[in-house]
Amino acid sequence: MSSADLFTRARQVIPGGVNSPVRAFRSVGGTPFFTESADGPYLHTADGRELVDFVCTWGPAIHGHNDPDIRAAVAAALSGGTSFGTPCPDEVHMAEAVVGAVPSVEKVRMCNSGTEANMSALRLARGFTGRDKVIKFAGCYHGHVDSLLVAAGSGALTLGQPDSAGVPAAFAATTLVCPYNDPATVRAVFAEHGPEIAAVIVEPYPANCGFVLPRAGFLGLLRELTAENGSLLIFDEVMTGFRLARGGVQELEDLRPDLSAFGKVIGGGLPVGAFGGRAEIMDHLAPDGPVYQAGTLSGNPLAMAAGRASLAKLEDRETYEALDASGQRIAEALRAEADDLGYPLCVHQCGSMFSAFFGTERVETFDEVKEADTERFAAFFHAALQRGVYLPPSAFETCFLSTHHTGPVLDRAITALAESLREAVRG
Ligand SMILES: *Cc1c(COP(=O)(O)O)cnc(C)c1O
């Protein structure tokens with residue numbers, strides 16, 4: 001059955017035809033393709049096409065699709081059963097791997113998604129501090145948590161719907177929204193509300209409003225202000241954890257948040273989230289402490305096997321260096337093509353993550369993100385798709401590479417992206 005036929009049927013029985021909104025192609029136009037299988041850097045669609053995938057399941061597939069080691073680990077776990085409802089050995093191995101990799105994390109708890117990880121970290125921060133208010137940054141996405149679906153970027157931004165219906169005003173009111181990369185506003189909010197602030201939650205490198213990098217000193221300032229005010233600093237490293245470095249952005253920036261949230265890469269393609277931090281804080285969780293958090297499928301044996309296999313393949317610095325080299329090649333190629341065309345294009349890249357903002361040369365704040373030319377991006381997206389390259393179907397998402405995006409595959413993709421840029425700009 002073709003993607004078009006599948007989508008027609010899907011729309012009858014699934015809201016919008018998709019189980020996660022950005023998949024619906026609303027912001028680039030057209031209808032989504034369906035994937036039947038995936039391998040290495042490629043997606044194989046229901047229409048018989050092979051596409052080079054720069055979405056990598058929105059981050060998790062750092063080893064490419066259908067990685068043989070992860071598949072073997074899941075198959076081995078599967079032969080022992082799918083879920084036990086008791087502790088299983090791989091939960092211990094996973095927790096030790098995370099604690100070993102991330103210096104700020106002394107204890108960690110597994111859950112089933114990045115949303116859950118952030119929701120639980122936030123509850124824990126409130127329980128630990130006895131305070132209610134939280135600072136988040138406009139454009140940062142922390143999953144579809146009620147009190148964090150405020151100025152949340154990503155899918156909500158794509159749909160031109162910055163706040164979700166169904167979130168009680170009283171919940172949203174506990175969230176203080178500051179502009180990212182603007183030290184003065186965070187200082188002012190702390191000056192006014194300091195003793196009420198349980199936590200500052202931040203994507204240290206925001207990746208859900210395109211890919212944005214911090215101004216020098218911005219993350220360090222968050223560390224200082226939270227410490228001074230008895231608030232916790234939460235790094236949402238669901239996207240960046242184990243992707244930019246084993247220790248995530250906190251390793252790259254040499255900072256220690258109090259709590260961190262993980263997801264995506266940590267699950268090797270199965271539904272896994274995790275949150276962790278200082279033992280003193282984590283011990284406030286039930287059953288040791290008063291903050292309740294639980295999950296029927298948390299620490300699931302198949303998910304732990306996949307996650308453990310994924311993390312085991314990320315022990316060498318060279319893996320990250322190779323990913324960064326591929327990322328740099330793409331970023332430089334796009335910048336060179338834009339220069340040639342005399343077209344303003346702002347390309348941000350770090351390691352295996354990159355994004356391009358169309359029609360603008362500098363993007364450091366969320367206001368600057370919103371100025372990007374989304375129509376031109378949509379033209380670029382479709383030109384690339386025609387050439388067999390799948391980019392995230394939104395101007396406000398980040399592109400991801402895997403260890404398979406190298407050699408001739410990368411060469412061909414770079415040529416296709418350069419041609420697509422030319423077509424999008426020249427028409
Ligand atoms: C994807 C993402 C989430 C949500 O994770 P889910 O697994 O989709 O619930 C949270 N925070 C960040 C930074 C993300 O990129």
Side-chain angles (χ1 to χ4, degrees), residues 18-24 54-62 102 109-123 125 134 136-158 164 175 180 199-214 219 222 233-245 248-250 252 257 259-276 293 295 297-298 300 303 306-307 310 348 350-355 366 369 392-394 396-400:
V18 291
N19 280 312
S20 196
V22 181
R23 293 181 200 166
F54 283 98
V55 183
C56 289
T57 108
W58 303 91
I62 194 167
V102 190
R109 184 163 277 176
M110 294 295 148
C111 52
N112 306 288
S113 69
T115 296
E116 256 188 77
N118 282 305
M119 178 185 78
S120 305
L122 206 60
R123 182 181 307 141
V134 173
K136 86 174 281 290
F137 295 92
C140 284
Y141 176 65
H142 304 293
H144 54 103
V145 181
D146 274 347
S147 62
L148 294 178
L149 265 185
V150 183
S154 193
L157 175 61
T158 299
S164 171
T175 308
Y180 184 84
V200 170
I201 186 166
V202 65
E203 282 186 82
Y205 292 180
N208 285 285
C209 52
F211 188 42
V212 178
L213 294 162
L219 296 173
L222 302 183
L233 179 61
I234 306 175
F235 271 11
D236 176 357
E237 299 233 36
V238 169
M239 208 70 120
T240 50
F242 295 93
R243 179 164 267 285
L244 295 184
V249 173
Q250 50 196 285
L252 300 178
L259 291 173
S260 303
F262 300 97
K264 300 195 169 122
V265 168
I266 208 177
L270 267 76
V272 180
F275 63 103
Q293 189 274 338
L297 294 176
S298 295
N300 172 269
S310 176
H348 288 167
C350 175
S352 56
M353 298 169 70
F354 68 97
S355 80
F366 189 47
V369 164
S394 158
F396 302 119
E397 299 288 350
T398 294
C399 305
F400 297 98

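In listed order, ligands and their atoms are each counted from 1.
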- Which heavy atom in Cys111 sits nearest to a heavy atom in Ala274, and how many Å separate them? SG-N, 3.8 Å
- At their closest point, which heavy atom of Ala207 faces which heavy atom of Met353, and how far apart are they? CB-CE, 3.5 Å
Verify, without hydrogens or angle tests, whether [X] (side chain) and [Y] (backbone) share a donor-acceptor contact under 3.5 angstrom.
X	Y	answer
Tyr180	Pro204	yes
Ser355	Phe211	yes
Glu116	Ser298	no

- Task: Identify, for atom 7 (O) of ligand 1, the protein heavy atom at the shortest distance, and state residue, atom and that distance.
- Result: Gly114 N, 2.9 Å
- Are Lys264 and ligand 1 in contact, using a heavy-atom cut-off of under 4.0 Å? yes
Those atoms of ligand 1 less than 4.0 Å from some heavy atom in [X]:
X	answer
Asn118	10 (C), 11 (N)
Asn208	12 (C), 13 (C), 14 (C), 15 (O)
Glu203	13 (C)
Ser113	7 (O), 9 (O)
Thr115	4 (C), 5 (O), 6 (P), 9 (O)
Asp236	10 (C), 11 (N), 12 (C), 13 (C)

- Do Gln293 and Arg123 meet the criterion of a side-chain donor-acceptor pair at a distance under 3.5 Å? no
- Item | Geometric N/O contact Tyr141 with ligand 1, under 3.5 angstrom | yes
- Heavy atoms, side chains only, cut-off 4.5 Å: are Ser310 and Val265 in contact? yes
- Note on the structure: Checking heavy atoms under 4.0 Å, the part of His142 that sits near ligand 1 is backbone
